[in-house]
Amino acid sequence: MPTREEGAANMLGEGEGNVPVQGEGVVLTRGGGAAGVLEGVRAVLLDMDGTLVDSDAAVERSWRTWAVRYGLSEDAVVAAVHGYPAPASIRRLLPRLSGEELEEAAQVLLDLECADLDGVVAARGAGELLAVLAERAIPWAVVTGSGAGLAKARLAAAGITPPLLVSLDEVAVGKPDPEGYLMAAAELGVAPAACLAVEDSDPGIAAGRAAGMPVAALRGLSGDLPIAHLGELAAHLNALDPHNPAPAGRHS
């Protein structure tokens with residue numbers, strides 16, 4: 001049986017016709033391009049920072065302040081942390097700290113982040129995408145490597161209330177582990193293969209793929225469906241036949 005990566009490569013590599021994708025006891029037929037990637041999608045799962053919420057400036061300010069406090073290179077820290085849960089990043093940056101010291105360092109960062117919501121807004125195209133999801137009754141969720149308190153604060157600052165939020169507080173392991181995405185799919189009652197993960201970082205893309213989901217990727221990263229902004233994804237979804245939304249996920 002081909003892996004999802006192989007299947008995605010086959011779909012994207014064929015510009016014409018349909019490509020059969022072998023599933024568990026069923027063969028799904030998907031066309032090429034955006035329509036092929038989105039065929040069968042029943043739910044959309046979005047990362048938060050840098051994907052659904054434009055919080056880049058606030059995130060960077062917090063990490064830079066934290067780096068100075070711990071005597072680390074600001075630029076090196078900023079370059080190393082994107083897409084990873086903060087506690088995991090801190091463990092990599094300060095491996096010699098004790099468990100108690102690591103908890104303290106993580107709390108210092110969290111306090112900085114919660115105090116700085118300046119400029120946190122909905123990402124480009126977020127309103128368009130959420131409108132299309134509502135119009136087509138496509139369930140969606142936010143799957144983030146941030147804790148629940150910070151996630152709710154940033155989402156509120158951006159004017160977004162997700163129907164389901166899976167934060168770092170709900171999982172044992174953060175991205176690139178797929179636990180959060182699998183949990184969101186289960187909560188929505190949708191098979192992972194029928195969920196689209198939307199991400200802007202390599203760890204997030206790895207998590208979506210490990211969960212067995214097609215991935216829409218921002219920032220020029222390699223995904224099953226590259227997008228420049230969420231409005232582009234909204235347009236792709238809107239172009240699908242509303243009378244055959246299609247979801248051909250798993251059949252029982």
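FYI, the numbering just counts along the sequence from 1.
One side chain, H82 or D200, offers a donor N or O that lies under 3.5 Å from an acceptor on the other. Of the N and O atoms on the side chains of D116 and S62, not one donor lies less than 3.5 Å from an acceptor on the other residue.
Side-chain contact check for D49 versus R154: some heavy-atom pair is nearer than 4.5 Å. Residues V77 and R64 are not in side-chain contact: their nearest non-hydrogen atoms beyond the backbone lie 4.5 Å or more apart. Taking the side chain as every heavy atom from C-beta outward, L168 and P87 approach each other to under 4.5 Å. Counting only heavy atoms from C-beta outward, the side chains of V215 and L221 never approach each other to under 4.5 Å.
Smallest separation of non-hydrogen atoms from G83 and S201: CA-OG, 3.3 Å. The shortest heavy-atom contact between G40 and A194 is O-CB, 3.4 Å. Among all heavy-atom pairs drawn from W63 and I90, the shortest one is CH2-CG1, 3.9 Å. For the pair P178 and A211, the tightest heavy-atom approach, listed with the atom from each and the gap, is CB-N, 3.6 Å. Of all heavy-atom pairs spanning E170 and L165, the tightest one is OE1-O, 3.9 Å. S73 approaches A67 most closely through the heavy-atom pair O-CB, 4.2 Å.
Remark: side-chain polar atoms of S98 are paired, donor with acceptor, to backbone N or O of E101 under 3.5 angstrom. Side-chain N or O atoms of E199 include none that pairs as donor or acceptor with a backbone N or O of L46 at under 3.5 Å. No side-chain donor-acceptor contact under 3.5 Å links H236 to the backbone of A239.
Just one residue in the list L52, V198, L164 forms a side-chain contact (heavy atoms from CB on, under 4.5 Å) with V142, and that residue is L52. Among the candidates I227, L233, N238, the single residue satisfying the side-chain contact (heavy atoms from CB on, under 4.5 Å) test with L129 is L233.
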- Residue pair V68, E74: steps toward the side chain to side chain contact (heavy atoms under 4.5 Å, CB included) verdict: CA-CA 7 Å; V68 170; E74 295 179 46; 3.3 Å; yes
- Query: Passes side chain to side chain contact (heavy atoms under 4.5 Å, CB included), R42 versus C195? Steps please.
  - Reply: CA-CA 6 Å; R42 292 181 182 270; C195 294; over 6 Å; no
- Task: Walk me through it: do T144 and D47 pass the test side-chain hydrogen bond (donor to acceptor under 3.5 Å, both in side chains)?
- Result: CA-CA 5 Å; T144 177; D47 173 55; 4.8 Å; no
- Task: Evaluate the criterion side chain to side chain contact (heavy atoms under 4.5 Å, CB included) for residue pair R92 and Y84; output intermediate values, then yes/no.
- Result: CA-CA 11 Å; R92 285 188 289 108; Y84 292 97; 3.4 Å; yes
- Item | Verdict with supporting geometry, Q107 and L110, side chain to side chain contact (heavy atoms under 4.5 Å, CB included) | CA-CA 5 Å; Q107 187 61 52; L110 180 60; 3.9 Å; yes
- Give the C-alpha distance, both sets of side-chain angles, the deciding distance and a yes or no for salt bridge (Lys or Arg N to Asp or Glu O under 4.0 Å) between D54 and R124. CA-CA 8 Å; D54 182 354; R124 179 183 175 190; over 6 Å; no
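Between R61 and D56, none of the side-chain N atoms (NZ, or NE/NH1/NH2) sits under 4.0 Å from a carboxylate O, so this pair counts as no salt bridge.
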